[in-house]
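Have a look at the structure below before the remarks.
Throughout, a chain's letter reflects where its sequence line sits, starting with A, and its residues are numbered from 1. Computed from a prediction, not measured in an experiment: that's the story for all the values here.
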Amino acid sequence: MPETERIRVPMKEQIAALLRNTLHELIAQGAIPEYDLETISVSVPARKEFGDFSTNVAMIMASQAKKKPRDIAQTIQERMARLSDVFDRVDIAGPGFINFTVSPLMWVRVLNTILEKKDRFGTSAFGRGKKVQVEFVSANPTGPLHVGHGRGAAVGDTLARILKAAGFKVESEYYINDVGNQMNILGLSVLSRYREIFGKDSSFPENGYKGDYIRKIAQSLSEARGDELLCREESDAVTACREFASDFILNGIKEDLALFNVHFDQWFSEAALYRDHKVEHTLDFLKERGLSYEAEGALWFRTTGFGDEKDRVLRKQDGSLTYFAPDIAYHQDKLERGFKQIIDVWGADHHGYVPRMKAAIEALGADKDCFHALLIQLVSLVREGQPVSMSTRSGEFVTLREIIDEVGKDVCRYFFMMRRSDAQLVFDLDLAKKKSEENPVYYIQYAHARICSILRNAAEQGLSPEPSLLEEDALSTGDDLDLIKMIAGYPDVVVSSAADLEPHRISFYLLELATAFHRFYNRNRVISDDGRVTMARLILVVAVKQVLANALSLMGIEAPESM
RNA sequence: GCGCCUGUAGCUCAGUUGGAUAGAGCAACGGACUUCUAAUCCGUAGGCCAGAGGUUCGAAUCCUCUCAGGCGCGCCA
């Protein structure tokens with residue numbers, strides 16, 4: 001690999017590649033036992049004195065070959081240590097770890113890579129262009145998005161961006177449940193409020209949607225259509241109300257998401273599944289393969305054949321379909337569109353639904369591992385130390401829009417990503433509004449703004465960072481190197497959060513990077529009397545600024561020039 | 001009753017396919033602005049990783065059981 005190519009790859013991968021080459025040679029020579037080189041692991045040690053990278057291969061080989069780990073380690077160490085342009089030291093430690101200390105020059109060169117790749121630093125070919133779909137939010141168009149949807153939106157959108165950065169071909173999609181009983185109830189609810197406006201007697205449906213937004217929709221409908229629906233047949237009027245309301249709400253949802261910096265590649269309508277006969281097609285598909293059967297007046301799907309605990313109903317006794325039936329058709333359509341990996345972001349309360357969906361995927365002829373349900377746990381709001389009560393049924397829920405308006409889009413997105421998806425989240429509205437060190441969003445954005453400020457000051461003095469003037473030995477202090485190592489690790493963070501579908505890791509990384517920068521800032525001067533160091537550090541902070549901006553952009557958060 | 005998730009510092013949480021002496025933020029205490037933004041930094045203190053067994057060179061991480069909390073177990077969506 002030519003030198004210029006080598007520095008484009010994350011440092012950890014470079015080390016792993018060098019190690020793999022060395023092991024390959026040593027195995028060929030019979031110096032060490034046979035080993036599957038694809039599975040070797042290089043990690044960053046917990047403690048700084050153990051160097052920059054570490055591998056446990058010697059111990060693993062030893063246990064398989066019944067040899068002494070340290071003997072194997074020594075053979076590997078001697079060979080690796082010859083790569084003196086890469087490593088300052090190669091040590092054996094503890095039970096048989098091999099620890100690598102990468103030379104400062106190698107680290108400093110990472111800065112060139114960052115400045116060269118700019119907003120593409122952190123992207124990689126990890127996903128090999130594999131076609132992946134992330135479906136999220138997918139809230140019924142029966143009401144505005146609430147806080148829980150917001151978390152799904154933030155997580156789903158960030159995950160899609162991460163996967164894209166990691167080299168997958170990603171499509172994000174919103175599934176619109178615009179069919180079904182809930183839509184009729186929506187129509188009835190609106191019709192009732194519509195009649196109210198014209199002073200007509202109207203009994204509000206029992207399970208109707210009680211929120212104020214229904215009144216607004218009815219008002220808007222009355223302005224658009226006058227009283228013409230009053231004399232229509234009930235069913236026609238309901239249909240008209242339903243369609244009007246559905247469009248109205250969906251437009252609101254789209255506006256909210258746009259405000260939240262969430263964008264979808266596809267909006268997929270459930271109604272379109274029926275219109276295109278895809279549900280029929282899927283039911284036929286299952287029937288032809290003997291995967292469904294009639295019993296007790298209903299049509300059943302034999303999901304138990306694929307690991308589900310009981311068979312599931314597709315068509316009810318009353319002849320109507322369950323929610324599951326179109327959902328299978330929908331996923332069959334996803335498979336037909338060529339997605340190799342299908343990721344559904346769901347509320348955690350749907351987790352009981354996962355086994356049957358996996359069963360369906362398998363029944364449709366795909367590998368069940370190509371389907372992932374990412375379960376998002378509950379969000380609860382706290383204000384002044386007190387829980388904010390929320391209940392969809394009573395119509396007293398806090399909307400996503402209200403939270404965005406109150407605390408801002410950036411804070412909101414970050415807070416939704418502060419926890420692992422499968423952990424419950426307490427959203428502290430008072431903390432979210434604090435503009436201080438306690439609020440991680442400002443802490444991180446402040447780091448970016450501080451760097452911009454330094455660069456403005458430098459510009460006033462006629463100094464501008466010029467990568468070709470970077471003198472590698474000018475960044476020799478531990479603080480400089482610590483910061484470089486921190487940003488050099490960014491591509492690994494992106495890859496690992498993509499591989500494990502754990503977008504929250506970006507938010508933790510950002511916090512660590514901001515901390516590292518603030519520490520650096522307080523202990524070192526960027527602009528000083530020393531021209532060489534000044535130039536080198538200007539380049540360093542430009543690189544840090546770039547990585548902060550890149551990571552923030554993955555989260556859909558702004559990187560302000562000043563605060 | 002069965003299944004899924006969670007249990008790590010006083011609080012909120014990280015912990016990268018099992019790695020070395022378990023980390024961060026907040027809260028507490030003590031320090032740092034004549035210096036590129038103090039929306040910042042440094043230091044101190046804080047732990048039986050819920051508990052008990054097991055697997056191995058090595059466990060917060062994997063297996064079994066117990067306890068505690070949340071959720072699910074519909075011909076609802």
Side-chain angles (χ1 to χ4, degrees), chain A residues 12 39 41 43-47 49-50 54-56 59-60 62-63 68-69 93-97 99 140 142 177 179-183 185 207 296-300 309-310 312-324 327 347-355 375 377-378 418-420 422-426 428 431 434-447 449-458 460-461 489 492-493 495-497 499-500 502 504-505 507-509 511-512 514-515 517-528 534 537-538 541 562-563:
Chain A
K12 193 161 102 179
T39 64
S41 94
S43 59
V44 178
R47 304 176 63 84
E49 54 267 39
F50 294 137
S54 172
T55 182
N56 60 357
M59 289 182 287
I60 308 240
S63 64
K68 286 186 188 163
F97 290 102
N99 295 332
N140 293 344
T142 55
N177 289 120
V179 178
N181 198 33
Q182 85 277 3
M183 295 308 290
I185 294 171
N207 298 320
E296 301 163 45
L299 178 68
W300 296 74
E309 59 186 7
K310 56 173 287 196
R312 306 292 173 177
V313 172
L314 295 168
R315 193 191 304 110
K316 301 178 245 179
Q317 281 180 339
D318 68 3
S320 65
L321 295 174
T322 59
Y323 178 84
F324 190 34
D327 224 17
D349 53 344
H350 288 73
H351 74 253
Y353 202 71
V354 176
L375 301 174
Q377 269 290 0
L378 216 75
M418 284 205 304
R419 303 274 177 272
R420 264 194 352 249
D422 57 5
Q424 292 192 11
L425 172 71
V426 177
D428 184 333
L431 174 60
K434 261 186 208 162
K435 300 198 170 178
S436 78
E437 58 183 295
E438 292 170 62
N439 187 331
V441 184
Y442 292 107
Y443 182 84
I444 294 162
Q445 290 182 322
Y446 183 46
R450 254 186 167 171
I451 294 174
C452 292
S453 173
I454 295 171
L455 294 173
R456 281 192 297 269
N457 285 321
E460 278 174 23
Q461 299 174 37
D492 283 332
V493 176
V495 165
S496 88
S497 50
D500 301 335
E502 295 202 338
H504 73 281
R505 286 185 200 166
S507 64
F508 283 93
Y509 173 80
L511 203 53
E512 279 176 27
T515 303
F517 172 73
H518 286 311
R519 180 191 297 125
F520 177 86
Y521 177 89
N522 273 275
R523 302 211 299 205
N524 304 278
R525 286 201 56 86
V526 175
I527 301 168
S528 67
T534 297
R537 286 191 172 155
L538 281 173
V541 297
S562 66
M563 290 174 72

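Ring stacking is absent between A/Tyr443 and B/A39, as the pair misses the limits of under 5.5 Å between centres and under 30 degrees between planes. In this structure, A/Phe50 packs face-to-face on the six-membered ring of B/A20, meeting both the 5.5 Å centre cutoff and the 30° plane limit.
Look at A/His504 and you'll find a side-chain N or O under 4.0 angstrom from OP1 or OP2 of B/G15. At least one side-chain nitrogen or oxygen of A/Lys310 sits closer than 4.0 Å to the OP1 or OP2 atom of B/C75. Using a 4.0 Å cut-off, no side-chain N or O of A/Tyr353 falls inside it from OP1 or OP2 of B/C76. Contact check, A/Arg419 against B/A14: no side-chain N or O comes under 4.0 Å of OP1 or OP2. A close approach under 4.0 Å does not occur between any side-chain nitrogen or oxygen of A/Arg450 and OP1 or OP2 of B/U40. Between B/C36 and A/Arg537, no contact under 4.0 Å exists linking OP1 or OP2 to a side-chain N or O. In this model, the phosphate group of B/A77 is approached by a side-chain N or O of A/Lys316 to a distance below 4.0 Å at OP1 or OP2.
In terms of the ring pair (Phe, Tyr, Trp, His ring centres under 6.0 Å) criterion, residue partners of A/His518 (sequence neighbours excluded) are, by chain and number, A/Tyr443, A/Tyr446. For A/Asn457, the side-chain contact (heavy atoms from CB on, under 4.5 Å) partners two or more places apart in sequence, or in a different chain, are A/Ser453, A/Glu460, A/Ile527.
For the residue pair A/Asp318 / A/Ser320, a side-chain donor-acceptor distance below 3.5 Å is found, with atom types taken as modelled.
Within the nucleic acid shown, A/Asn524 comes within 4.0 Å of at least one base atom, counting heavy atoms only. Heavy atoms of A/Ser320 sit nowhere under 4.0 angstrom from any nucleic acid atom. Within 4.0 Å of A/Gln317, counting heavy atoms only, lies at least one base atom of the nucleic acid. Within 4.0 Å (heavy atoms only), A/Ala499 reaches no atom of the nucleic acid at all. Base contact: A/Asn99 has a heavy atom under 4.0 Å from a base atom.
Residue whose closest nucleotide on RNA chain B sits further toward the 5' end, between A/Glu512 and A/Ser41: A/Glu512. Each of A/Ala348 and A/Phe508 lies near RNA chain B, and the nucleotide nearest A/Phe508 is the one positioned closer to the 5' end.
Put simply, the side chain of A/His351 and the base of B/G3 share a donor and an acceptor less than 3.5 Å apart. Side-chain to base pairing of A/Asn56 with B/G19: one donor and one acceptor N or O lie within less than 3.5 Å of each other. With hydrogens and angles ignored, no donor-acceptor pair under 3.5 angstrom links the side chain of A/Thr322 to the base of B/A77.
Of the P atoms belonging to B/G25 and B/G70, the separation is 31 Å, rounded to the nearest Å. Remark: the separation of the C1' atoms in B/A39 and B/C26 is 16 Å, to the nearest Å.
Atom NZ of A/Lys316 has more than 12 neighbouring heavy atoms from other residues, nucleotides or ligands inside a 6.0 Å radius.
Of the candidate nucleotides B/C57, B/C5, B/G23, B/C57 has the atom nearest to the side chain of A/Pro95. Here the nucleotide nearest the side chain of A/Trp300, chosen from B/U40, B/A77, B/C75, is B/C75. Comparing B/A20, B/U40, B/C36 against the side chain of A/Ala93 picks out B/A20 as the nearest. In this structure, the nucleotide among B/G15, B/A77, B/U35 sitting nearest to the side chain of A/Asn140 is B/A77. Taking the side chain of A/Arg519 as heavy atoms from C-beta on, and the options B/A14, B/C41, B/A77, the nearest nucleotide is B/C41. Comparing atom distances between the A/Arg505 side chain and each of B/U21, B/U40, B/G15 picks out B/G15 as nearest.
Using a distance-only test at 3.5 Å, with no hydrogens or angles considered, no donor-acceptor pair links the side chain of A/Ser528 to the main chain of A/Arg525.
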Parsed dot-bracket for RNA chain B after applying the Watson-Crick and G-U rules with both distances under 3.5 Å and | for other-strand partners is (((((((..((((.....[...)))).(((((.......))))).....(((((..]....))))))))))))....
